[in-house]
Amino acid sequence: MNLGISLLPQINKITVLGSGIMGHGIAQISAMNGYDVVLRDVEEKFLDNAMNKIRWSLDKLVEKNKINKQESDKIYARIKPIVELKEALQDADLLIEAVPEDLKLKEKVYSEVDQFAQEKTIYSSNTSTLPISEISQLTSRPDRFIGLHFFNPPQLMKLVEVIPGASTDKSIVDLGLNFVKSLSKYPILCNKDVPGFIVNRIFIPLVHEAAYCLENDGKSMTQIDSAVKFKLYLPMGIFELADYTGLDVIHKATIEMYSRDKKVVNPHPRIEQLFSSGKLGKKSGEGFYSYGDKNYERVSLSEEEAKQYDPIRILSVAINNAAWLISYGVCTREDVEQALKLGMGLKKELFEIGKDNGIEKIISTLNQLQEKNGPFYAPDPYLMTISN
Ligand code: 3HC
């Protein structure tokens, strides 16, 4: 079954490194679109867990009549879980690396990969925040290296950010864009290799901002999250989304982004505390909220609770970071809106939500925050060009 454009002639076999939340989903979506896939991890038990999650997800898609049982079995059979790296890389046309966000770890992984990968293998990374130029330099082929950043859950989210590094060949950029389309996904080209690319430049700071609101505004988590869901049109509350994404992912992304650019995020200590105490969100049973052991679980949020909180601070920071992406030439305003819609499920255009709340009010909120907390909050000049 291929839901998108036809398979790319030069790519038949894909090797996904790392079988965590992103890796297993990327493997599944590739197999769903006709590719032969190897899913590789360092221990059998991680792969068993990943294959169980793929089975669960395929069963859900059957239950919802998106695919039939026969298709589901064929897709499952197209994914080979393999521990041995040499075997996993054999004959791979495209490598998609989805190991944890740690440059040292990636360096180790790529030095091993370089020993076994064939010359024809194109490298890509699903890194959420590490610069593609930096990672690609750790490999034997920076010219044939590209960022392909998927969103969680990859099975359902339509967006993939495509990020060229400083040395990426133009033909590989085109291949990356076409590969994403062949997965029935929507590629957005990130013109500059900036920390957080497009969506994480907006999402990660929001988690911290919501933590400041929780600390300062005398409201509960579900009141803030309900306001995010019903007044800012995100499908999940922001604490709920942080738990769903994983506090380890958020924490590591924060460190990497903040170490490269202080203007990206204003870190709140709560994130590091949760991470250090092993409260990683849904996957560990507790993060901001507590969870049972179901595969998929939602937090109960309501319009009633939403009425009790004005999420203007959260909105202002989101719009300011979106404005920076446009001013800095990372992408167009249309791209930001598409990325938020397809990568985070935003149900209304962000700048329209901004206008509904008043751009002047947003600028004055940012000015007050800047006075109190420093230049992270300085309103981006792009905001002055928007009329209500
Ligand atoms: N495969 C198949 N089905 C799945 C699934 C999966 N992986 N995950 C969830 N589902 C199913 C659910 O089980 C549910 O089925 P059910 O009703 O039978 O239980 C169905 O999908 C719909 O779920 P919901 O009722 O919760 O409906 P929603 O309309 O809210 O859709 C969602 C779910 C698509 C996850 C939506 O809530 C959403 O878009 N959330 C935001 C996700 C987001 O922002 N992701 C990006 C995070 S940032 C990131 O990933 C970048 C990284 O670098 C940090």
Side-chain angles (χ1 to χ4, degrees), residues 1-3 7 11-101 105 109 112-113 116-117 121 124-126 128 148-157 160 179 182-185 244-246 248-249 280-285 291-297:
M1 188 190 71
N2 174 27
L3 304 166
L7 298 188
I11 298 184
N12 292 309
K13 190 176 152 198
I14 294 171
T15 298
V16 180
L17 290 190
S19 67
I21 293 184
M22 299 308 289
H24 87 265
I26 295 168
Q28 178 184 332
I29 210 75
S30 302
M32 285 177 70
N33 287 280
Y35 292 103
D36 288 329
V37 181
V38 167
L39 182 58
R40 193 264 171 176
D41 214 318
V42 289
E43 284 186 46
E44 209 75 60
K45 68 174 182 206
F46 298 140
L47 289 171
D48 289 346
N49 190 21
M51 293 307 285
N52 284 338
K53 289 209 172 100
I54 290 172
R55 179 49 84 198
W56 173 84
S57 173
L58 289 171
D59 286 349
K60 270 279 159 204
L61 297 176
V62 172
E63 194 184 308
K64 298 200 181 296
N65 294 321
K66 302 266 196 260
I67 52 176
N68 64 39
K69 178 77 179 101
Q70 259 182 333
E71 285 169 328
S72 146
D73 289 342
K74 272 196 194 152
I75 293 163
Y76 188 82
R78 227 176 260 143
I79 307 171
K80 304 257 172 306
I82 295 180
V83 169
E84 181 60 44
L85 184 62
K86 187 175 177 186
E87 190 190 343
L89 287 168
Q90 206 171 26
D91 218 26
D93 299 301
L94 176 69
L95 167 89
I96 305 180
E97 169 268 306
V99 306
E101 289 293 86
L105 173 68
V109 167
E112 289 166 4
V113 166
F116 303 120
T121 311
S124 71
S125 176
N126 176 57
S128 46
L148 295 178
H149 183 218
F150 291 76
F151 290 81
N152 182 30
Q155 293 93 336
L156 303 183
M157 308 312 284
V160 181
F179 172 66
S182 80
L183 298 182
S184 321
K185 301 271 180 211
Y244 180 65
T245 305
D248 49 345
V249 173
L280 305 183
K282 169 74 187 81
K283 67 174 113 175
S284 72
Y291 300 88
D293 56 7
K294 283 196 209 131
N295 262 313
Y296 182 72
E297 213 174 316

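Atom NZ of Lys13 has more than 12 neighbouring heavy atoms from other residues, nucleotides or ligands inside a 6.0 Å radius.
Residue pairs satisfying the salt bridge (Lys or Arg N to Asp or Glu O under 4.0 Å) criterion with at least one member in residues 18-44, sequence neighbours excluded, are listed as follows: Glu43-Lys45. For residues 48-57, every residue pair satisfying the salt bridge (Lys or Arg N to Asp or Glu O under 4.0 Å) rule, not counting sequence neighbours, is listed here: Arg55-Asp73.
Considering all non-hydrogen atoms of both residues, Val16 and Gly23 come closest at CG1-O, 3.6 Å. Here the shortest heavy-atom pairing between Ser124 and Leu94 reads OG-CD1, 4.1 Å. A pairwise comparison of heavy atoms in Ser19 and Phe46 identifies OG-O, 3.5 Å as the closest pair. Ser72 and Val62 get closest at one heavy-atom pair: CB-CG2, 3.6 Å. Contact detail for Val42 and Val83: the closest heavy-atom pair is O-CG1, 3.6 Å. Contact between Gly246 and Lys283 at its shortest, heavy atoms only, is CA-CE, 4.0 Å.
Interatomic distance, CG of Leu58 versus CE of Met32, reported as 6.5 Å (0.5 Å rounding). Atom-to-atom distance recorded for Asp59:CG and Tyr76:OH is 10.0 Å, nearest 0.5 angstrom. Here CG of Leu95 is found 13.5 Å from CZ of Phe116. Values are rounded to the nearest 0.5 Å. With values rounded to the nearest 0.5 angstrom, Ser57 atom OG is found 7.5 Å from Ile29 atom CD1. The CH2 atom of Trp56 sits 8.5 Å away from atom CG of Leu61, with the distance rounded to the nearest 0.5 Å. Taking CD1 from Ile79 and CD1 from Ile54, the interatomic distance works out to 4.0 Å, rounded to the nearest 0.5 Å.
For Asp93, the salt bridge (charged side-chain N to carboxylate O under 4.0 Å, His left out) criterion is met by Lys120, not counting sequence neighbours. Residues satisfying the side chain to side chain donor-acceptor pair (under 3.5 Å) test with Lys294, not counting sequence neighbours, are none. A search for salt bridge (charged side-chain N to carboxylate O under 4.0 Å, His left out) contacts involving Lys60 returns Glu63, not counting sequence neighbours. Residues satisfying the side-chain contact (heavy atoms from CB on, under 4.5 Å) criterion with Pro81, sequence neighbours excluded, are Leu47, Met51. Judged as a side chain to side chain donor-acceptor pair (under 3.5 Å), and not counting sequence neighbours, the contacts of Ser128 are Glu101. With sequence neighbours left out, Lys185 forms a salt bridge (charged side-chain N to carboxylate O under 4.0 Å, His left out) with no residue at all. With sequence neighbours left out, Phe151 forms a ring pair (Phe, Tyr, Trp, His ring centres under 6.0 Å) with His149. Take Glu112 and apply the salt bridge (charged side-chain N to carboxylate O under 4.0 Å, His left out) test, not counting sequence neighbours, and it matches Lys108. For the side chain to side chain donor-acceptor pair (under 3.5 Å) test, no residue two or more places apart in sequence or in another chain qualifies with Ser30. Under the side chain to side chain donor-acceptor pair (under 3.5 Å) criterion, Thr121 pairs with no residue, sequence neighbours left out.
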**Q.** Steps toward side chain to side chain contact (heavy atoms under 4.5 Å, CB included) verdict (Val109, Leu85)
**A.** CA-CA 10 Å; Val109 167; Leu85 184 62; over 6 Å; no
(Q) Tyr244 vs Tyr291, test: side chain to side chain contact (heavy atoms under 4.5 Å, CB included). Steps then yes/no. (A) CA-CA 10 Å; Tyr244 180 65; Tyr291 300 88; over 6 Å; no
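The closest side-chain heavy-atom distance from Val160 to Leu183 is not below 4.5 Å. Side chains of Glu71 and Lys66 form no contact here, defined as non-hydrogen atoms less than 4.5 Å apart.
Side-chain atoms of Ser184 and Asn33 form a donor-acceptor pair, as typed in the model, at a separation below 3.5 Å.
Side-chain N or O atoms of Asp248 include none that pairs as donor or acceptor with a backbone N or O of Leu280 at under 3.5 Å. Side chain of Glu297 to backbone of Gly292: a donor-acceptor contact under 3.5 angstrom is found.
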